[in-house]
Amino acid sequence: MNVLLIGGGGREHALAWKISQSPLPEKFFAIPGSPGIANFAECVENISINDNAAIVDFAKVNAIDLVVIGPEAPLVNGLVDALNSAGIKAFGCTKDAAQIEGSKIFAKRLMKKYNIPTAEFEVFDNPDAAKNYINIKGAPIVIKADGLAAGKGVIVAQTLDEALNAVDEMKNFGAAGNKIVVEEFMDGEEASVLALTDGEKILPLIAAQDHKRVDDGDKGLNTGGMGAYAPAPIVDEKISALVEETILKPTIAALKSEGITYRGCLYAGLMIVNGVPKVVEFNCRFGDPETQVVLPLMEDDLLALMIDCANGTLTTEKISWLNQSAVCVIMASGGYPKSYKKNLPIDGMTKAKSLGALIFHAGTKIVDGELVTNGGRVLGVTMTAPTLQEAVDKVYRCVDVIHFDDAHYRRDIAARALK
Ligand code: AMP
Ligand code: GLY
């Protein structure tokens, strides 16, 4: 069969690495791909991931049997709907279903209607009304823009002043900031549980923990994610069962009741509050960098599972996992998540690979035959080992041999689980 992957980040590199281990693909393409993905797939850089018509044409001309979509934007833009209308199968959810990430209000209302545990909330389109409500509720409290704001539309305010200012800042998020969600602050530990689903059956993946803040000790600005590890011990058997029974299954069933068949990957961002998992947010796709630690531990053929999800024929009862831990450390450009330099040469990749690292490219390119930086998050270095401590020790040995000017990474990935 012929497979087309959409995206070019670290998550898509991990997807490409895993898909390429399946015996199923004959031809494998990526739009736009990356220097890392180019090891597995033919990369097509001149088509935009947001150009549905051009992607449909490419899929027809190249007799693609399955399109796998990495990022949220094409899902929210209806790429799966466009492909399906042209008779092309896709792993990813439809535009209706992608609202679960694309609109916080849609997600919150769905959870409220179907009793899926999450923070209490109110929605405002008038800033003054939002401020009145905040004055009554007090801090800490959480202020969110409604639409996709590249992960930046959320302010966790510790004081009343911060919360009131946050309402004014929502104007800066464009259309996403027209409606404001004000949410109860949940005090607990976060974890990410992703699940594959065909719209009926769900197959949860092992839990992972992301590190969103730029600096050690969870200090500094929020980022796209500075590292991850799996499995996350906070999600023990009891909590896993609660996640499945009180969150994942009811959400897929709730969508079904609303006339939406959700096929693809459902990402539940959770807060574990006193042993009870509650939803912080849903994403309509795989997590980045969670994917870079979950897939290296998966024993099953991911592509075969994706085909079953796309066809609505998922019968696998349980995924098999290596009895190991995986850690991914993101090496970012100095200055990220604010401004940073590009085009800095990257050295030491061969040495790091010889130490056993899986190196996923997040923001790189090749200039005159040389690998250089090309984004805020540059590389995700993943190591697996029998224990989490060993994986951590090994991953930092690899990170230490990779060099580019001003490289920044956290030194404490997985530290919480090792305490
Ligand atoms: P979101 O984009 O909704 O995932 O929010 C980004 C981050 O803000 C989350 O990963 C949490 O760390 C934090 N956050 C969001 N909502 C809440 C909440 N209700 N209580 C506590 N922290 C939250
Ligand atoms: N790791 C956070 C996300 O993928 O949204």
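Both counts, for ligands and for their atoms, begin at 1 and track the order of listing. Values below: every heavy atom of this structure, side chains too, minus hydrogens, waters and symmetry copies. In this text, all values refer to a predicted model and were calculated from it rather than measured experimentally.
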> Are any non-hydrogen side-chain atoms of Tyr336 and Met226 less than 4.5 angstrom apart?
Replying inline: yes
>> Quick test of your reading of the structure: of Leu270, Val182, Val280, whose heavy atom lies closest to atom 15 (C) of ligand 1?
In response: Val280
>> Can you tell me which portion of Met186 lies within the under-4.0 Å heavy-atom range of ligand 1? Options are side chain, backbone, both, or neither.
In response: both
>> Regarding ligand 2, does Glu290 bring an N or O atom to under 3.5 Å of one of the ligand's N or O atoms?
In response: yes
Name the atoms and distances for all side-chain donor-acceptor pairs under 3.5 Å in residues 32-42, with sequence neighbours left out.
unit_1: Ser34; atom_1: OG; unit_2: Gly36; atom_2: N; d: 3.2
unit_1: Ser34; atom_1: OG; unit_2: Ile37; atom_2: N; d: 3.1
unit_1: Asn39; atom_1: ND2; unit_2: Gly36; atom_2: O; d: 3.2

> Looking only at heavy atoms, is any part of Arg285 under 4.0 Å from ligand 2, and if so is it the side chain, the backbone, or both, or is it neither?
Replying inline: side chain
>> I want to check something: taking the side chain as every heavy atom from C-beta on, are Cys398 and Met383 in contact at a cut-off of under 4.5 Å?
In response: yes
>> Can you confirm whether Arg416 sits close enough to Asp218 that some side-chain heavy atom of one is under 4.5 Å from a side-chain heavy atom of the other?
In response: yes
Which atom pairs, donor and acceptor, lie under 3.5 Å between side-chain atoms of residues 105-112 and protein residues at least two apart or in another chain?
unit_1: Lys108; atom_1: NZ; unit_2: Thr118; atom_2: OG1; d: 2.9
unit_1: Lys108; atom_1: NZ; unit_2: Ala119; atom_2: O; d: 2.7
unit_1: Lys108; atom_1: NZ; unit_2: Glu183; atom_2: OE2; d: 3.4

> Which ligand 1 atoms, with their elements, are less than 4.0 angstrom from a heavy-atom of Val156?
Replying inline: 8 (O), 13 (C), 14 (N)
> Which part of Glu184 is near ligand 1, with near meaning a heavy atom under 4.0 Å away: side chain, backbone, both or neither?
Replying inline: backbone
> Which atoms of ligand 2 are found less than 4.0 Å from any heavy atom of Asn283?
Replying inline: 5 (O)
>> I need the atoms of ligand 1 closer than 4.0 Å to a non-hydrogen atom of Lys144, numbered in the order shown.
In response: 3 (O), 15 (C), 16 (N)
> Do any nitrogen or oxygen atoms of Asp210 come within less than 3.5 Å of a nitrogen or oxygen of ligand 2?
Replying inline: yes
>> Need the ligand 1 atom indices (1-based, order shown) with element for anything under 4.0 Å from a heavy-atom of Glu190.
In response: 9 (C), 10 (O), 11 (C), 12 (O)
> Within a strict 4.5 Å, meaning less than it, do heavy atoms of the Met1 and Ile307 side chains meet?
Replying inline: yes
> Below 6.0 angstrom between ring centroids: does that apply to Phe286 and Tyr267?
Replying inline: no
>> At less than 4.0 angstrom from any non-hydrogen atom of Met271, what atoms of ligand 1 do you find?
In response: 21 (C), 22 (N)
> Quick one: which ligand 2 atoms are inside 4.0 Å of a heavy atom on Gly287?
Replying inline: 4 (O)
>> I need the atoms of ligand 1 closer than 4.0 Å to a non-hydrogen atom of Ala119, numbered in the order shown.
In response: 19 (N)
> Do Lys179 and Met170 come close enough that some side-chain heavy atom pair is under 4.5 Å?
Replying inline: no
> Are Val214 and Pro337 side-chain neighbours, meaning at least one heavy-atom pair lies under 4.5 Å?
Replying inline: yes
> Of the listed options (Thr118, Val154, Ile143), which comes nearest to atom 2 (O) of ligand 1 when hydrogens are ignored and any heavy atom counts?
Replying inline: Val154
